[in-house]
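Following: one structure in structure tokens, then a few remarks.
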Amino acid sequence: MQKRYLVTPGPTPVPPEVWRAMSGPMVHHRGPDFQEVLGRVLARLPAVFQTENDILFFASSGTGAMEAAVANLCSPGDRVLVASAGYFGERWAAIASAYRLEVEHLRYRWGELLQPDEVGERLDAAGDTRAVYVTHSETSTGVVNDVQAIAEQVAGRDGLLVVDAVSSLGAVPLETDAWGIDVVVSGSQKALMTPPGLALCSVSARAWELSTAALSPRYALDWGRAKSLAQTPAVTLVQGLDAAVDLLLARGLRAHHEHHLRLGRAARAGAKAMGLELFSPDDDRSAVVTAIRVPEGIDGVAVVRAMRDRSGVTAAGGQGELKGRIVRIGHIGYVDVWDVVAALAALELALVAAGAEVERGIATAAALDAFNEAVHA
Ligand SMILES: *Cc1c(COP(=O)(O)O)cnc(C)c1O
């Protein structure tokens, strides 16, 4: 038996309180037991989304709610703008293409930041655009985009703003209403500290209105059906999420964000101390996942495997074109600095075993020091 540490950017570790909430007898989704839980979680989720908009559940992975945000807003042939700089941004373009939309794709190199002014320029050039799809935290690269600035660009033009916040909701600041975001999509298994299988989506009045005219075929992913709970919801996961939201709001959303910021500092300081180069920006915005370059000549896939097999630490490798080139340490949700320290120590061991030249024994001290620094100077 080997103790396991999960330091991926999703799924993330699940707190015991959440497991406990999911371990009672099975209840019926129309009965009073579940209605009480549902009422409570729906009353408190707006504080997490920072919105007064409706919040819908889907019994699916986060991608299901992404697909719903295309199917419910658009008709075949509609023009949409996708701005992407990584694996998950590309997913918006793939879904939009699958729905036969005309995709205007503002594509950046993986690891770059989306440029808000260029989103505005592209919207002007394209004309008549139904919706703009962007990724808040691009989990494949560690970049957290300036969604507020993007929203300012979209606000003065036509088109709704749809944000993939699967790995950012609860992790870093996201002000749905104050920033003017129409649709925010998220998932249970990242900063929301709940097992995978429950997707969430907030929908503005303007988006609801547009959805009534959208002709893309849909049934199980129809927003109206989701709102009326026409299908059996993921009862157990909603129970878990209720407990997770409890924990999150008890600590306070802002304190939760600050915790992730400090964990990001710890991960970056540790990686740099052992002589590694960061792939994700060396910046406090990068508080969701830290992407570290694997030294030249070392196979990143083998490093991630060795971390798991030798040390019981499951980190994430690179996706798509970054496969084998980076190691990603996730630090959102029910994660503390000791998880980050374990991840750094396991990474160090795996790299040494692979023949890389790393400075031994100083990463964890650097991480702890960075974590303990005051956030506000
Ligand atoms: C994890 C993730 C998704 C996909 O979520 P699934 O639950 O795997 O479908 C989408 N976007 C981002 C930014 C993510 O981090």
Side-chain angles (χ1 to χ4, degrees), residues 6-14 49 56-71 82-96 98 107-108 110-114 132-147 150 161-174 176 181 183-202 220-221 226 234 237-238 240-241 244 260 264 279-281 285-291 314-320 322-323 326 328-333 335:
L6 183 60
V7 288
T8 62
T12 63
V14 173
F49 278 79
L56 311 177
F57 289 128
F58 297 90
S60 76
S61 78
T63 307
M66 290 174 74
E67 178 161 348
V70 172
V82 173
S84 83
Y87 184 82
F88 291 106
E90 302 274 344
R91 186 166 292 184
W92 277 131
I95 297 170
R107 195 187 241 131
Y108 292 87
W110 290 28
E112 290 185 345
L113 262 161
L114 303 181
V132 179
Y133 292 89
V134 297
T135 314
H136 187 200
S137 155
E138 178 49 82
T139 319
S140 64
T141 66
V143 167
V144 175
N145 287 299
D146 189 348
V147 163
I150 292 171
L161 179 60
V162 181
V163 173
D164 169 356
V166 176
S167 68
S168 62
L169 186 76
V172 294
L174 174 63
T176 301
I181 307 170
V183 177
V184 171
V185 169
S186 198
S188 53
Q189 81 276 26
K190 303 208 169 161
L192 298 180
M193 307 183 284
T194 303
L198 180 66
L200 302 87
C201 179
S202 79
L221 292 180
L237 292 170
V238 173
L241 182 66
H260 296 137
F279 179 82
S280 49
R285 290 182 67 85
S286 223
V288 174
V289 54
T290 297
T314 299
Q319 294 164 292
L322 293 173
K323 188 165 187 210
I326 57 171
R328 291 177 300 145
I329 296 173
H331 32 73
I332 49 172
V335 169

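For reference, positions follow the sequence shown, starting with 1. Atoms within each ligand, like the ligands themselves, are counted from 1 in listed order.
- Residue Arg91 places a heavy atom less than 4.0 Å from ligand 1.
- A 4.5 Å side-chain heavy-atom check between Phe57 and Leu241 finds at least one atom pair inside the cut-off.
- Counting only heavy atoms of the protein, atom 8 (O) of ligand 1 lies nearest to Gln189 NE2, 3.9 Å.
- With Val163 as the partner, the side chain to side chain contact (heavy atoms under 4.5 Å, CB included) test is satisfied by one option alone out of Val183, Val185, Thr176, Val147: Val147.
- Inter-residue side-chain proximity for Ser286 and Ser280 is flagged as met; some heavy-atom pair is nearer than 4.5 Å.
- Aromatic ring orientation, Trp110 versus Tyr87: perpendicular (interplanar angle above 60°, classes split at 30° and 60°).
- The nearest heavy-atom contact from the protein to atom 11 (N) of ligand 1 is Asp164 OD2, 2.6 Å.
- Thr63 OG1, 2.5 Å is the protein heavy atom nearest to atom 9 (O) of ligand 1.
- In this structure, Thr139 and Val166 have side chains that are not in contact, with every pair of non-hydrogen atoms separated by 4.5 Å or more.
- The protein heavy atom nearest to atom 3 (C) of ligand 1 is Phe88 CE2, 3.3 Å.
- The shortest distance between side-chain heavy atoms of Asp146 and Arg285 falls below 4.5 Å.
- Nearest protein neighbour of atom 6 (P) of ligand 1, counting heavy atoms only, is Gly62 N, 3.5 Å.
- For atom 15 (O) of ligand 1, the closest non-hydrogen atom of the protein is Thr139 OG1, 2.4 Å.
- Looking at Gln319, Glu67, Lys190 and measuring to atom 1 (C) of ligand 1, the nearest heavy atom belongs to Lys190.
- Those atoms of ligand 1 that come under 4.0 Å of a heavy atom in Ser61, given as number and element, are 6 (P), 7 (O), 9 (O).
- Under a 4.0 Å heavy-atom criterion, Ser137 is in contact with ligand 1.
- A 4.5 Å side-chain heavy-atom check between Val134 and Leu161 finds at least one atom pair inside the cut-off.
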